[in-house]
Amino acid sequence: MPDFRCITPVNKNSRIFIAGAGGMVGSAIIRNLLEKGFNNLVGSFHSSPPQADKFTLIPNSETLPKGLRLVQIDLTCQDEVKRFFKELKPDHVFLAAAKVGGIHANNTFPAQFIHENLAIQGNIIHAAYEAKVKRLLFLGSSCIYPKQAPQPMKEEHLLTGLLEPTNEPYAIAKIAGIKMCEAYNRQYGTRFLAVMPTNLYGPNDNFDLETSHVLPALIRKFNEAKQSGAPEVVVWGTGSPKREFLHVDDMADASVFVMNLAEPVIDEHLTNYPKPCFVNVGTGTDCTIKEVAETIKEVVGYKGSLRFDTSKPDGTPRKLLDISHLHSLGFTAQLDLKKGIEDTYDWYCKRL
Ligand code: GFB
């Protein structure tokens with residue numbers, strides 16, 4: 001079991017760097033921190049600056065919230081990251097920048113998934129150590145666990161079996177990130193923690209049909225089918241795999257909670273270094289892809305039928321997280337799946 005203890009919460013004025021501010025998770029963490037009164041936030045983006053409405057959720061809002069600055073950095077470039085950390089000297093870091101995507105993207109671009117993720121996290125974790133960052137939170141993924149792991153999957157199931165082939169390169173990169181945090185904690189006495197979220201969804205998700213995850217893909221497919229009057233919607237795979245879906249606002253809340261409250265216990269001789277240094281984040285319940293498709297169909301108000309395309313991969317049969325450790329620390333996810341889908345559909349429609 002991860003070994004954490006409560007400490008003084010992060011100071012509201014401390015300089016907090018959120019890597020990946022333009023993404024669904026990074027922007028949700030920023031919204032959460034701003035709501036809680038943190039006022040010295042710096043978020044990074046790579047290619048184009050994120051719209052202000054990512055951080056306010058008010059469509060077309062143009063002004064960035066007070067207390068937030070955005071900077072452009074190529075996080076895969078070691079020199080840029082080193083220079084940035086030297087100048088900014090952040091107190092705390094949320095490492096939410098990553099190359100992410102659904103089953104098809106992972107299967108099609110395995111080199112990019114392993115290369116970009118290893119580069120981003122390697123550069124940031126090392127630069128954070130050199131810049132004496134007080135605490136860093138690395139965001140992983142539930143795909144780190146073996147394909148045949150016992151359900152629900154506990155933190156100690158890491159590295160006990162073979163991975164799911166469709167996302168092995170991504171999973172290997174995330175496992176390397178965890179092990180890097182643990183190695184730095186052990187050798188240098190750093191306070192680097194990690195959270196392993198289950199499948200996330202919510203505002204600012206990727207709705208591209210080729211690269212997205214199942215939930216945003218189906219919101220878009222059902223909505224387009226409703227508008228065009230198409231008689232059926234194609235759902236990939238058999239519909240029988242099970243997934244656990246967590247709203248990104250709950251994920252952001254859990255990330256800030258872990259950053260705020262928990263710290264690995266490290267004794268002065270570094271012999272009691274924390275291993276593992278991560279905690280699962282989920283809802284504790286899952287459903288089949290067929291069930292989630294039917295819920296989305298109902299929310300969207302589509303009247304046609306579903307067709308399962310079994311030429312597409314199912315991926316992992318099931319990946320339900322054991323969240324007892326997170327519960328014992330005092331955190332429980334709040335948002336119900338149906339309500340979360342309704343809110344996400346509403347957000348999606350406002351931006352069409
Ligand atoms: O969400 P998803 O792409 O990723 O797919 P994973 C989940 C399940 O939904 C698979 C099915 O069984 C898909 O075949 N599915 C049905 C669809 N219709 C669709 C559709 O239209 N689009 C998509 N994308 N799927 C990813 C990993 O795995 O999960 C990542 O590849 C990461 O590494 C992420 O861990 C959380 O849950 O299978």
Side-chain angles (χ1 to χ4, degrees), residues 23-25 96 98-114 116-118 139-147 149 151 153 158 163-178 194-202 205-225 230 232-248 251 280-283 286-297 300 302 305-321 337 341 344:
M24 175 174 71
V25 179
K99 167 86 177 165
V100 295
I103 193 164
H104 181 67
N106 268 269
N107 226 357
T108 314
F109 310 111
Q112 282 169 267
F113 274 82
I114 192 160
E116 290 177 31
N117 286 305
L118 284 176
L139 279 96
S141 163
S142 61
C143 68
I144 57 162
Y145 293 111
K147 179 171 182 162
Q151 305 288 319
M153 304 181 296
L158 181 67
L163 297 164
E164 154 63 29
T166 53
N167 57 32
E168 190 187 62
Y170 176 74
I172 293 278
K174 290 294 183 186
I175 294 169
I178 294 170
V195 276
M196 294 305 122
T198 184
N199 287 43
L200 302 175
Y201 72 96
D205 209 339
N206 168 19
F207 288 81
D208 177 277
L209 293 181
E210 289 293 299
T211 57
S212 62
H213 290 95
V214 60
L215 204 147
L218 292 184
I219 286 183
R220 178 169 170 181
K221 284 185 187 176
F222 282 117
N223 191 56
E224 289 179 356
E232 63 176 24
V233 161
V234 175
V235 180
W236 295 352
T238 60
S240 61
K242 294 185 103 175
R243 293 291 183 272
E244 177 187 9
F245 296 99
L246 178 74
H247 193 281
V248 71
M251 182 59 207
N280 290 338
V281 183
T283 61
D286 59 0
C287 61
T288 64
I289 294 301
K290 183 167 184 275
E291 284 164 346
V292 78
E294 275 161 358
T295 306
I296 298 171
K297 179 181 161 187
V300 171
Y302 173 68
S305 55
L306 309 183
R307 179 164 64 82
F308 291 92
D309 176 0
T310 52
S311 70
K312 294 284 196 299
D314 270 346
T316 305
R318 195 178 185 198
K319 43 178 173 176
L320 178 65
L321 289 175
L337 179 59
I341 292 174
T344 307

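When a ligand or atom number is given, it counts from 1 through the structure's own listing order.
For the side chain to side chain contact (heavy atoms under 4.5 Å, CB included) test, residues two or more places apart in sequence or in another chain that qualify with H104 are T108, E210, W236.
Side-chain atoms of N117 do not come within 3.5 Å of backbone N or O of A173 as any donor-acceptor pair.
Both tests hold for K99 against F113: distance to the six-membered ring centre under 6.0 Å, angle to the ring axis within 45°.
Sorted by chain then number, the residues whose non-hydrogen atoms approach ligand 1 to under 4.0 Å are G101, G102, I103, N106, S141, C143, N167, Y170, N199, S212, H213, V214, A217, K221, V235, W236, P241, R243, I289, P313, D314, K319.
Two residues are said to be in side-chain contact when any heavy atoms from C-beta on lie closer than 4.5 Å; F109 and I114 fail this criterion. Between R243 and D286 there is no side-chain heavy-atom pair separated by less than 4.5 Å.
A ring-centre distance under 6.0 Å is found for Y201 and H247.
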